[in-house]
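This structure is a prediction, so every number in the text was calculated from the model and none was measured.
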Amino acid sequence: MTYDSIVIGGGAAGLFCALAAGGRGRRVLVLERNREVGAKIAISGGGRCNFTNLHTTPDRFLSANPDFARSALARYTPANFIDLVERHRIPYYEKTEGQLFCEGAGAARAIVRMLLDECAAGGVEIRTGCTVGSVSSGARFRIESDQGTFEAPTLVLASGGLSIPKLGATDFAYRIARQFQLPVVEPRPGLVPLIVAPDDRAWMSALSGVSTPVRVETGGAIFREAALFTHRGLSGPAILQASSYWRDGAHITIDWIPDASDDVLVARKRARPKARIKTVLAEMVPTRLAAALSAAVPDRGLGDIKDETLHEIGRRLGSWRLTPVGTEGLPKAEVTVGGVDTAALSQRTMEARDVRGLFIIGEAVDVTGWLGGYNFQWAWASGWAAGMAV
Ligand SMILES: Cc1cc2nc3c(=O)[nH]c(=O)nc-3n(C[C@H](O)[C@H](O)[C@H](O)COP(=O)(O)OP(=O)(O)OC[C@H]3O[C@@H](n4cnc5c(N)ncnc54)[C@H](O)[C@@H]3O)c2cc1C
């Protein structure tokens with residue numbers, strides 16, 4: 001059978017590209033290896049799908065070419081997606097910092113339903129449970145699959161990144177990109193919990209479940225959100241964000257008292273010389289964390305400790321250096337950082353510069369958003385850009 005375009009991958013980007021192209025009257029086929037499309041959308045945002053972020057700007061994305069995403073993001077904006085959500089009468093709310101979520105438990109499925117309805121309106125054909133064997137190109141792209149052979153003049157790779165293999169993630173897009181001589185920026189897990197060295201694990205694992213606001217810095221990026229202690233290290237939004245910028249062997253710097261200066265203990269000494277460091281810290285961080293952080297400091301009244309010692313302790317609490325030994329890896333990563341090198345793609349259409357008719361979109365591309373709805377906005381925007389061009 002022949003089509004105008006074949007999209008491989010029925011996730012966020014693939015479905016969006018298909019509905020955009022279908023809406024233009026193109027004859028589109030989507031091939032998805034899972035039994036159902038949109039597996040990640042359905043479980044995203046704890047079942048509520050954080051489908052966009054009102055503050056979407058190119059600087060909320062990591063890429064070897066930080067400017068690449070600008071064009072697609074400008075052409076399909078959060079406001080455009082909100083219009084679509086409202087047309088489908090899906091209730092939503094702003095949780096925090098511009099993050100828009102669907103209202104109600106399991107409501108993420110409404111987004112999948114919406115994408116399927118839009119695809120149906122555009123006459124898009126979707127084949128699920130379809131395993132693609134090989135892709136070749138001549139005058140047209142030829143796709144061999146366990147459901148037959150399909151041909152089209154344009155092919156869209158929308159098979160995502162490597163995170164959460166149990167939801168269907170494969171290296172398919174990277175393999176096909178390499179087959180067509182397109183470079184791939186080494187993929188690695190992003191938005192993923194960090195594992196700390198045994199020394200740190202000893203005191204941190206006892207705090208497992210404790211959450212505290214922090215300021216985390218690594219790889220030139222700074223995030224001020226909550227950190228969460230786990231059995232093996234640290235998680236929580238601040239750490240997940242930082243993990244995307246963290247590189248093997250690098251350290252992260254944590255400010256445990258982000259609302260206080262290095263001189264906070266000196267100031268408290270003047271006001272309450274009898275108070276102990278542990279007591280004062282417990283007014284700023286959870287009690288169990290205060291006890292752990294003050295385990296190695298003098299257990300005396302502040303009045304009995306020199307100003308310079310208190311200043312030094314304050315400084316250490318504000319810039320606590322930690323060298324993670326790794327991450328929880330792709331099975332726990334919300335996204336894959338890296339992917340098909342943007343240098344090989346048109347930023348306006350997502351078409352490969354040197355392979356006419358081959359488009360690559362979504363997480364498969366070396367564009368990775370922060371936590372907070374940015375990754376879906378990239379999937380919609382890059383899908384739209386390709387959908388307008390195929
Ligand atoms: C637990 C979790 C929660 C998340 N929550 C959010 C959130 O709330 N907000 C947000 O912005 N982002 C969130 N993300 C990230 C977001 O889900 C992804 O960035 C986004 O889904 C990427 O879209 P995509 O279409 O490129 O890839 P995917 O959605 O991963 O879709 C790729 C599709 O291709 C299929 N596929 C793979 N290989 C093949 C093959 N060889 N043949 C056929 N099909 C194939 C896969 O089965 C999959 O259906 C979350 C991710 C996870 C894992």
Side-chain angles (χ1 to χ4, degrees), residues 9 11-13 39-40 44 58-69 157-179 182-197 200 216-223 225 227-228 230 232-254 321-345 360-379 382:
K40 277 190 189 166
S44 65
D59 63 354
R60 304 285 161 107
F61 295 83
L62 291 84
S63 173
N65 175 2
D67 243 17
F68 179 83
L157 301 180
S159 54
L162 297 173
S163 49
I164 325 261
K166 70 171 196 259
L167 289 179
T170 67
D171 66 350
F172 183 80
Y174 311 145
R175 264 193 287 128
I176 302 303
R178 288 189 180 112
Q179 177 188 327
L182 306 185
V184 174
V185 176
E186 188 58 25
R188 59 192 166 88
L191 301 180
V192 63
L194 294 174
I195 300 174
V196 298
D200 286 314
V216 184
E217 194 174 342
T218 193
I222 298 173
F223 295 99
E225 288 183 71
L228 171 72
T230 68
R232 282 152 52 96
L234 288 165
S235 185
I239 301 296
L240 295 177
Q241 299 276 36
S243 74
S244 297
Y245 289 84
W246 179 75
R247 296 304 195 123
D248 269 341
H251 67 267
I252 64 172
T253 306
I254 302 181
R321 265 171 85 125
L322 204 70
T323 305
V325 292
T327 74
E328 293 286 359
L330 290 164
K332 294 276 169 61
E334 203 164 289
V335 287
T336 306
V337 184
V340 178
D341 195 331
T342 58
L345 306 177
I360 308 170
I361 57 173
E363 204 177 308
V365 178
D366 174 34
V367 172
T368 310
W370 287 5
L371 190 72
Y374 300 104
N375 283 297
F376 279 137
Q377 188 57 38
W378 170 245
S382 59

Less than 3.5 Å apart, which donor and acceptor atoms pair up between the side chains of residues 323-331 and the rest of the protein, not counting sequence neighbours?
from   : atom 1 : to     : atom 2 : distance (Å)
Thr327 : OG1    : Gly329 : N      : 2.9
Glu328 : OE1    : Arg232 : NE     : 3.4
Glu328 : OE1    : Arg232 : NH2    : 3.2
Glu328 : OE2    : Arg232 : NE     : 2.9

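- Trp246 places a side-chain N or O within donor-acceptor distance of the main-chain N or O of Ala250, the cut-off being under 3.5 Å.
- Summarising the geometry, atom CG belonging to Leu345 is positioned 11.0 Å from atom CD1 belonging to Ile361; distances are rounded to the nearest 0.5 Å.
- With rounding to the nearest 0.5 angstrom, the OG atom of Ser235 is 11.0 Å from the CD1 atom of Ile195.
- For the pair Leu234/Leu322, a side-chain contact is recorded, criterion being any heavy-atom separation below 4.5 Å from C-beta on.
- Inter-residue side-chain proximity for Asp366 and Phe68 is flagged as unmet; no heavy-atom pair is nearer than 4.5 Å.
- Within the model, atoms CZ of Arg321 and CD of Glu217 stand 10.5 Å from one another, a figure rounded to the nearest 0.5 Å.
- Closest non-hydrogen pair, Ser382 versus Gly362, comes out as OG-N, 3.0 Å.
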Distance-only check: which donor-acceptor pairs under 3.5 Å involve side-chain atoms of residues 335-344, not counting sequence neighbours?
from   : atom 1 : to     : atom 2 : distance (Å)
Thr336 : OG1    : Leu162 : N      : 2.8
Thr336 : OG1    : Ser163 : N      : 3.1
Asp341 : OD1    : Ala343 : N      : 3.0

Item to complete: Could you give me the CA-CA distance, side-chain angles and deciding distance for Ile360 and Leu182, then say whether side chain to side chain contact (heavy atoms under 4.5 Å, CB included) is met?
Response: CA-CA 11 Å; Ile360 308 170; Leu182 306 185; 3.6 Å; yes

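- With Ser159 contributing its side chain and Gly9 its backbone, the two residues share no donor-acceptor pair below 3.5 Å.
- In plain terms, the two heavy atoms of Ala169 and Gly161 that are nearest each other are CB-O, 3.3 Å.
- Checked against ring pair (Phe, Tyr, Trp, His ring centres under 6.0 Å), Phe172 has no partners two or more places apart in sequence or in another chain.
- Between Ile164 atom CD1 and Lys332 atom NZ the span is 9.0 Å, to the nearest 0.5 Å.
- In terms of heavy atoms, Arg188 sits closest to Ser243 at NH1-O, 4.3 Å.
- Scored by the side-chain hydrogen bond (donor to acceptor under 3.5 Å, both in side chains) test, Glu334 finds no partners at all (sequence neighbours excluded).
- Residues Ala177 and Leu157 share a closest heavy-atom pair of N-CD1, 4.3 Å.
- The two residues Ala364 and Ala173 have their closest heavy-atom pair at CB-CB, 3.6 Å.
- By the side-chain hydrogen bond (donor to acceptor under 3.5 Å, both in side chains) test, Trp370 is found to be paired with Tyr245, residues two or more places apart in sequence or in another chain being considered.
- What you find for Ala227 and Ala238 is that their closest heavy atoms are N-CB, 4.5 Å.
- Note that CG of Asn375 and CZ of Phe61 are 7.0 Å apart. Values are rounded to the nearest 0.5 Å.
- Counting only residues at least two apart or on different chains, the salt bridge (Lys or Arg N to Asp or Glu O under 4.0 Å) pairs with a member in residues 60-69 are Asp67-Arg70.
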